[in-house]
Every structure is written in structure tokens, then in C-alpha cells.
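First the proteins, then the strands, lettered A, B, ... as listed; each starts at 1.
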Amino acid sequence: MKIATWNVNSISVRLQHVLQWLDGNRPDALCLQEIKCVDAKFPAGAFREIGYAAEVFGQPTYNGVAILSTTPAADVQRGFHNDAADAQRRLIAATIGGVRVVNVYIPNGSEVGSEKYEFKLSWLARLRKFFEEACDADQPLVLCGDFNVAMEDRDVYNPKEWEGKILCSEPERAAMRAVREWGMVDLFRRHHEEPGNYTWWDYRGGGFPRNLGLRLDHLWASESLAAKCTATWIDKLPRTLEKPSDHAPVIAEFKF
DNA sequence: ATGGTTGCTTAGCAA
């Protein structure tokens, strides 16, 4: 079984990249973030034609998440239970092939100390609560998506420059550790120790060709699922195409 | 150095 995550930065602009990538990689599930479209405009038909069902939680202009899968998704949850109707759409969860898949687009936070930063921290506190109330750490579960947090210095191309800045500040790292301590492990770090592995490169300043990136996109699994993980990798190929997303897909493979 | 680039929407915001 393969589960993948990819911040596509607009599904309408990236549709051909995603279709091509699914064709070549055939994951059992692909979690998408920043689809930037309403449910009615999500190109579900194009995915259906290549064998993928879609569960979508979109909104106009910003955010939006979806899960594509080769087998039907069960028990789909859209957003937090106590969300207002107009809340930002950043979480969708579903059970696929016996695995609880939680797909998140965690707020960026803009700047440390800003209103958006406070929103990010409170959103992360709610995410921890979501796991306590709605999930079972003893079951196979994966949390994946664009976390908008580089957890450690080895996930950052220039840790000194980024120290204390957004995506790297200690409070957001601590909030993410609190989520992880509910009962998950970082699958990528279980298989790769070395620095220099990134999933996001800024469009500006030639970030990608110089590998000036951050590792922001993650798959974290409960121990019962992590024990079955045989490999994880970042696929930089789509980032080399014309008009790419600024994020690369990340994949985890499991053998049951 | 508050720049640079992309997407949605059409000037300004968010990333």
C-alpha cells in the first residue's frame, strides 16, 4: 500500500501534473492540499477516468483539501467537529483500506507574533484535541499533509537564517511535537537521517535549482502502522516540470 | 535588503 501527500497550489492549474504523477506512481491514496477551488469545480471526473475516487473539502480562493483513493473512502470527516460553517477548510479524514488517513493543510502563520501566527498555534492545539477525541492511537493511522513547520534544523537549508522565524519557531515546533506525542512517528525520519531533504522550495530567487528548501510536508503514522512502513521518499520530479507547484509529493509504502 | 514569484481575482491578499 502506498499513501502520498502533495500540496498542489491550485488543482485546476496542476491537474495535468497530478494526473501524470498518479499514472506513474499509482498510490492507493493521495492527499491534496491547497486545491483552491470549491467542491463543484473539483475535477473529480478526470480522476475517476484513471481509477481514483475523490473526497473533497474545498472553499473559494484559498485552502481546500481532498483525498483521492483507488478504493472507496469510508467515515469521511470534513473539518473539526465544532467548526463554524465559514471556517477555513484545512482538514479532511477518511478510512481507506483499513487505515485512518488524516489530511491537513496547517496554517502558514505569516509572521511570528502576527494574528495569523496566533491562529496557527490555536489551530494546532485543536488538532491535538482532535486526535484525543476522535482517533485511536492503537489503530493504523496516518497524519499527512503540508504541516507548514520544519521540525528540526536538519529540515532547513540555512537554520541560522531561519532561527525563530515562521515555519521554524520554537512555539510552532513545540505545538507539532505535542501532536506527535499523542502517538505518531515521522515516517521519513525513520528511514532517512541525513539533512538536505526538502519538500518545498520558494518560487522566488531560484530556490529549487539551488536546493534552498524546507521539509514541510510530512507523513506521521501511529506505531502499529509505522511498523509496516518499508520506505518513504520525496519525489522531486514534478518540481522540475513547467509551472510546478512549489511543493513536491512525499510517499510512504507499507507492507501488511 | 520587506525584494523576489505564483495563484486567485482583477488590486490586493496569501503563500
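Positionally, the nearest nucleotide of DNA chain B for Y203(A) lies more toward the 5' end than for the other of Y203(A) and N148(A). If you find the closest nucleotide of DNA chain B to E111(A) and to I11(A), the one lying nearer the 5' end belongs to E111(A).
Separating the CD1 atom of I35(A) from the C1' atom of dA14(B) is a distance of 16 Å, rounded to the nearest angstrom. We find that CH2 of W201(A) is positioned 16 Å from P of dT6(B), with the value rounded to whole Å. Between the OH atom of Y117(A) and the P atom of dA14(B) there is a distance of 18 Å, given to the nearest Å. Distance E161(A) CD to dG4(B) P: 17 Å, rounded to the nearest Å. Between the CG atom of N63(A) and the C1' atom of dC13(B) there is a distance of 12 Å, rounded to whole Å. Note: CD (Q88(A)) to C1' (dA15(B)) measures 12 Å, nearest angstrom. Computed from coordinates, the H17(A) NE2 to dT6(B) P distance equals 13 Å when rounded to whole Å. Straight-line distance from the CD atom of Q33(A) to the P atom of dA14(B): 20 Å, rounded to whole Å.
For K243(A), whose side chain is taken as the heavy atoms from C-beta onward, the closest listed nucleotide among dA14(B), dA15(B), dT6(B) is dT6(B).
With both ends at atom P, the span from dT9(B) to dT5(B) equals 22 Å, rounded to whole Å. Annotation: dT2(B) and dA14(B) have their C1' atoms spaced 15 Å apart (nearest Å). Between dC8(B) and dG3(B), the distance separating the two P atoms is 24 Å to the nearest Å. dA1(B) and dT10(B) have their C1' atoms separated by 30 Å, with the value rounded to a whole Å.
Using bins of under 30°, 30° to 60° and over 60° for the plane-to-plane angle, the ring pair F80(A)/W123(A) lands in the tilted bin. Using cut-offs of 30° and 60° for the angle between ring planes, the Y198(A) and W201(A) rings count as perpendicular.
Listed pair S12(A) / dG7(B) fails the phosphate criterion, with no side-chain N or O lying under 4.0 Å from OP1 or OP2. Residue K36(A) places no side-chain N or O under 4.0 Å from the OP1 or OP2 atom of dT6(B). Side-chain nitrogen and oxygen atoms of R14(A) include at least one within less than 4.0 Å of the OP1 or OP2 phosphate oxygen of dG7(B). Between T61(A) and the phosphate of dG7(B), there is no side-chain N or O to OP1/OP2 separation shorter than 4.0 Å.
Among the heavy atoms of the strands lying under 4.0 Å from R90(A) are primed sugar atoms or P, OP1, OP2 only; no base atom is included. Among the heavy atoms of the strands, none lies under 4.0 Å from F208(A).
Taking the ring centroids of W233(A) and F188(A), they lie at or beyond the 6.0 Å cut-off. Aromatic ring centroids of F42(A) and F47(A) lie under 6.0 Å apart.
Heavy-atom contacts from other residues, nucleotides or ligands closer than 6.0 Å to CD of E170(A) number more than 12.
Judged by the 6.0 Å and 45° rule, R180(A) forms a cation-pi pair with W220(A).
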